[in-house]
Amino acid sequence: MTPTGRSPQSPPLDTAARQRVVRVVPDVRGLARAFDYLVPPALDADVRVGTVVRIVLHGRRVRGWVVADDVEPPPGVTLRPLAKVTGWGPTPEEVALTEWAAWRWAGPRSSLLAAATPERAVPSVPVTTRPRSPSPPTAATTTTGLAVADVVRAAAAHPVSTVRVPPAVDPLAVVEPLCHTGPVVVVAPTHEVAAGLGVRLRRGGVPVAVLPRGWPDARAGGVSVVGARLAAWAPCPEAAAIVVLDEHDEAHQEERTPTWHARDVAVERARRAGVPCVLVSPMPSLEAGQMGPVHVLARRVERSGWPIVDVVDQRSEDPTKGLLGERLVAAVRDGRRVVCVVNRTGRARLVACVGCGRVGECERCGAAVVQPGEGVLECRRCGTTRPVVCLHCHRTRFKLLRRGVSRLREELEVLAGEPVVEITASTDAAQASSRVVVGTEAALHRVERADVVAFLDFDQELLAPRYRAATEALTLLVRAGRVVGGRGSPGAGRVLVQTRLPQHEAISAAVLGDPTRLDDVERERRAMLGFPPAKVLAEISGPSAETYTERLAEAALDGVELLGPADGRWLLRAPTHTVLCDALAAVPRPPGRLRVAVDPLRV
DNA sequence: CGGACAAGCTGA
DNA sequence: CAGCTTGTCCGG
């Protein structure tokens with residue numbers, strides 16, 4: 001490591017006897033404390049705020065992070081020396097940001113420090129020899145590219161703003177203009193998008209480090225940094241802006257607690273650094289809309305970047321045809337590349353006996369059974385399985401009332417007269433080779449290009465019992481739009497939506513290429529029901545949730561409401577994050593397992 | 001989190 | 001009462 005560890009402003013050591021003491025957060029789950037350690041003189045130059053170290057704690061050697069330098073240890077404790085310097089970690093600014101994030105998502109600081117730390121130890125960081133000035137922008141701009149660049153530059157004049165670009169716009173057109181003003185942190189929704197962007201930026205003359213491999217280069221400074229949500233925590237010492245691509249995408253939120261969101265981390269980080277934060281999305285979240293102005297393209301340009309959407313009203317379709325409507329059948333028979341999407345795995349999610357007509361039930365708990373595969377019935381509530389036999393008349397044949405991907409695959413294969421591949425989250429990633437594929441929404445991530453994307457039962461998405469259902473439904477249409485291309489692009493395909501709710505705002509938004517169609521309704525709906533962003537939520541669950549929520553209720557904090565329990569889960573609701581997070585920080589947690597998820601998505 | 005140590009349970 | 005499980009405490 002380079003010997004730049006201590007700042008010249010450190011207080012002078014008056015005597016040789018007084019040794020440097022640093023505060024270390026150990027990487028130990030369930031231990032929300034920091035401990036002080038002596039810095040052995042041999043390690044002096046390598047230790048600074050953010051350094052990853054090994055410490056001996058309670059007889060164990062564990063990883064930890066230096067979070068404060070030259071601290072005054074509490075009286076009466078015997079300090080141990082740091083055992084080892086593992087390598088480089090987050091910058092002091094990011095270390096400070098983890099403290100804020102620990103409050104904001106009510107979680108342990110160590111998880112957030114881990115997010116800001118490279119996967120593999122980085123013992124040394126390359127010396128920067130790169131020219132600071134990036135190359136001038138290339139002349140390659142399409143008609144939409146030009147418009148996008150203008151809007152992006154306008155957006156960068158605000159501390160936080162949103163740029164609304166339709167699904168078919170290449171993120172490169174958004175990111176590149178900013179990269180020519182200095183190093184930029186780019187947070188992409190997936191590693192694939194990040195990697196693709198990295199390659200093309202580099203080709204365009206932009207020095208860029210792609211995470212996670214490029215972490216040492218990013219730490220060295222002077223380059224743009226591209227990565228998935230972890231990029232929100234990536235070092236970029238001289239960042240001129242932070243960009244979050246597909247800001248609406250749920251992939252930006254960590255699923256495990258603390259459930260930090262890359263968008264919110266990016267916004268706070270940019271605010272602290274005094275640089276602009278640009279949020280980019282075809283359908284900006286309502287949260288983003290509250291953070292700053294939303295910049296849009298010309299209406300005609302925006303619309304041309306949304307796909308052609310064919311809405312099939314299932315109320316006037318032949319009911320005997322089931323989920324394979326006339327338009328879909330025609331597309332499959334025409335030899336087009338078709339992706340069929342139904343978010344139901346297995347053969348069927350609801351079956352009825354052909355003899356007595358009764359719905360298949362669980363013999364143990366009475367819940368409706370599903371048919372995960374041929375010859376098995378399974379109860380999703382208690383896990384009991386049995387062969388395909390009716391409990392009442394003992395027949396062994398059932399009608400498949402709510403068909404799943406596996407059964408539809410068979411039916412489509414007959415229809416297509418050629419192999420049809422099934423794609424779900426649990427199927428092999430490689431195979432998407434057949435002309436016709438059927439799958440859950442995972443298929444939209446695995447197939448790069450198709451002529452038709454068909455949603456066989458879109459109402460399942462629109463009517464899902466979650467407050468974000470309508471928004472999530474539109475995100476599927478955005479993804480489909482990318483697979484078939486925008487209506488304005490050559491060779492554009494079509495999105496087929498089978499529904500009994502053809503007037504639904506999520507569908508109109510896609511049909512018209514105008515996401516505000518949904519926003520306006522959704523904002524009002526959520527305000528009426530007290531859901532985000534009108535109010536903010538935290539979900540509390542786990543064996544110790546009851547004790548903790550009792551304490552929260554006892555504390556009777558102003559503006560804080562406790563809802564539940566439902567399924568062993570409580571919801572804490574407050575008007576703002578300040579109120580919510582202060583409440584969670586103020587009430588001491590009981591021992592035992594407790595999950596606190598701030599801003600839960602699945603409610 | 002996980003080790004240390006104490007208190008509680010069981011069986012010869 | 002050894003030998004084991006279960007609970008509580010605490011870390012620099």
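Labels below follow one simple rule: chain letters A, B, ... track the order of the sequence lines, proteins then strands, and each chain is numbered from 1. Side chains included, hydrogens not; waters and symmetry mates left out as well; all remaining heavy atoms used.
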field: Worked check of side chain to side chain donor-acceptor pair (under 3.5 Å) between His248(A) and Ser281(A)
entry: CA-CA 6 Å; His248(A) 68 280; Ser281(A) 172; 2.8 Å; yes
- prompt: Does a side-chain N-to-carboxylate-O contact under 4.0 Å join Asp246(A) and Arg482(A)?
  reply: yes
- prompt: For Arg60(A) and dG3(B), what is the distance between atoms CZ and P respectively, to the nearest whole Å?
  reply: 6 Å
message: Could you walk me through whether Ser426(A) and Thr424(A) satisfy the side chain to side chain donor-acceptor pair (under 3.5 Å) test, starting with their C-alpha distance in whole Å, then the side-chain angles of each, then the deciding distance to 0.1 Å, before giving a yes or no?
response: CA-CA 5 Å; Ser426(A) 54; Thr424(A) 66; 3.2 Å; yes
message: If I take atom CZ in residue Arg61(A) and atom C1' in nucleotide dG3(B), what distance separates them, rounded to the nearest angstrom?
response: 17 Å
- prompt: Rounded to whole angstroms, how far apart are CG on Asp36(A) and P on dG12(C)?
  reply: 11 Å
- prompt: Atom CD in Glu94(A), atom CH2 in Trp65(A): separation rounded to 0.5 Å?
  reply: 13.0 Å
query: Which of residues 23-34 of chain A sit near DNA chain B, with a heavy atom under 4.0 Å from it?
result: Val28(A), Arg29(A), Gly30(A)
Atom-pair distance (CD on Glu72(A); C1' on dG12(C)), nearest Å: 14 Å
field: Separation of dG12(C) C1' from Asp69(A) CG (nearest whole Å)
entry: 16 Å
- prompt: To the nearest Å, how far apart are Leu57(A) CG and dG2(B) P?
  reply: 12 Å
query: NE2 of His58(A) versus C1' of dG3(B): gap in Å, rounded?
result: 6 Å
- prompt: side-chain hydrogen bond (donor to acceptor under 3.5 Å, both in side chains) with Asp599(A): which of Gln253(A), Arg104(A), His261(A)?
  reply: Arg104(A)
message: Holding to side-chain contact (heavy atoms from CB on, under 4.5 Å), I want the full list of residues that pass it with Pro40(A), two or more places apart in sequence or in another chain.
response: Leu43(A), Pro81(A), Leu82(A)
